[in-house]
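Below is one structure, written out as structure tokens; comments come after it.
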Amino acid sequence: MTDSVIQNLQSRDPFAEDEGGTSQDGYIHIRIQQRNGRKTLTTVQGISSEFDLKKIVKVAKKEFACNGTVVEHPEYGEVIQLQGDQRQNISKFLKQVGLAREDQIKVHGF
């Protein structure tokens, strides 16, 4: 019998810095969270740290007429929070500005 050789088909360094506009798994996750009553909160996670998230929030607040902030999450890093259901708006905005492509954005919820 011959020795079987195991080849690593994906020669990706797991500890190397990620390239592109997204982090970790390569996706930008847009989620909605229910607050109290009818109030909701939209979170955007996975935008690369090379972009200034505070400037993105500033433009999004003006564009969507809502309040927003950047929150430091222990597991996900910096996360953008916007008041209300802004999932479709922020998805279109990220594509329009060129921060993400259609295949990089995952919209979750309801």
- [ ] Heavy atoms only: give me the nearest Y27-D103 pair and the separation to one decimal.
- [x] CE2-O, 3.3 Å
- [ ] Just jot down the salt bridge (charged side-chain N to carboxylate O under 4.0 Å, His left out) partners of R31, sequence neighbours excluded, or say none.
- [x] none
Open item on the list: Strictly distance-based, threshold 3.5 Å: is any side-chain N or O of R87 a donor or acceptor partner for the main-chain N or O of H108?
Closed with: yes
- [ ] Not counting sequence neighbours, which residues clear salt bridge (charged side-chain N to carboxylate O under 4.0 Å, His left out) with K95? List them please.
- [x] E102
- [ ] For the residue pair I47 and L94, establish whether any side-chain heavy-atom pair is separated by less than 4.5 Å.
- [x] yes
TODO: Calculate, to the nearest 0.5 Å, the distance between atoms NZ and OG1 belonging to K54 and T69 respectively.
DONE: 7.5 Å
- [ ] For the residue pair H73 and V71, establish whether any side-chain heavy-atom pair is separated by less than 4.5 Å.
- [x] no
Task: Shortest non-hydrogen contact from Q86 toward T42 - done: N-OG1, 2.9 Å
- [ ] Return the minimal non-hydrogen interatomic distance between C66 and Q83, and the atom names on each side.
- [x] CB-O, 3.6 Å
- [ ] Quick one: pull up CD1 in I32 and CG in D85 and give me the separation to the nearest 0.5 Å.
- [x] 3.5 Å
Open item on the list: Rounded at 0.5 Å granularity, tell me how far CD in E75 sits from CD in Q45.
Closed with: 8.5 Å
Open item on the list: Taking side-chain contact (heavy atoms from CB on, under 4.5 Å) as the criterion, tell me which of I90, L53, V79 meets it with V44.
Closed with: I90
Task: Flag side-chain contact, heavy atom, 4.5 Å: N89 against E63 - done: no
Task: Q88 vs V107 side-chain heavy atoms within contact, under 4.5 Å - done: yes
Open item on the list: Parallel, tilted or perpendicular, judged at 30° and 60°: which one describes the rings of F64 and F93?
Closed with: perpendicular
TODO: Report the residues that fulfil side-chain contact (heavy atoms from CB on, under 4.5 Å) with V57, sequence neighbours left out, ordered by chain and then residue number.
DONE: K61, V70, I80
Open item on the list: Tell me whether I28 shares a hydrophobic cluster with L99, the cluster being built from Ile, Leu, Val, Met, Phe, Trp, Tyr side chains joined at under 4.5 Å.
Closed with: yes
Task: Gap separating the NZ atom of K106 from the OG atom of S91, nearest 0.5 angstrom - done: 13.0 Å
TODO: Using a cut-off of 6.0 Å, state whether more than 12 heavy atoms not belonging to R35 lie near its atom CZ.
DONE: yes
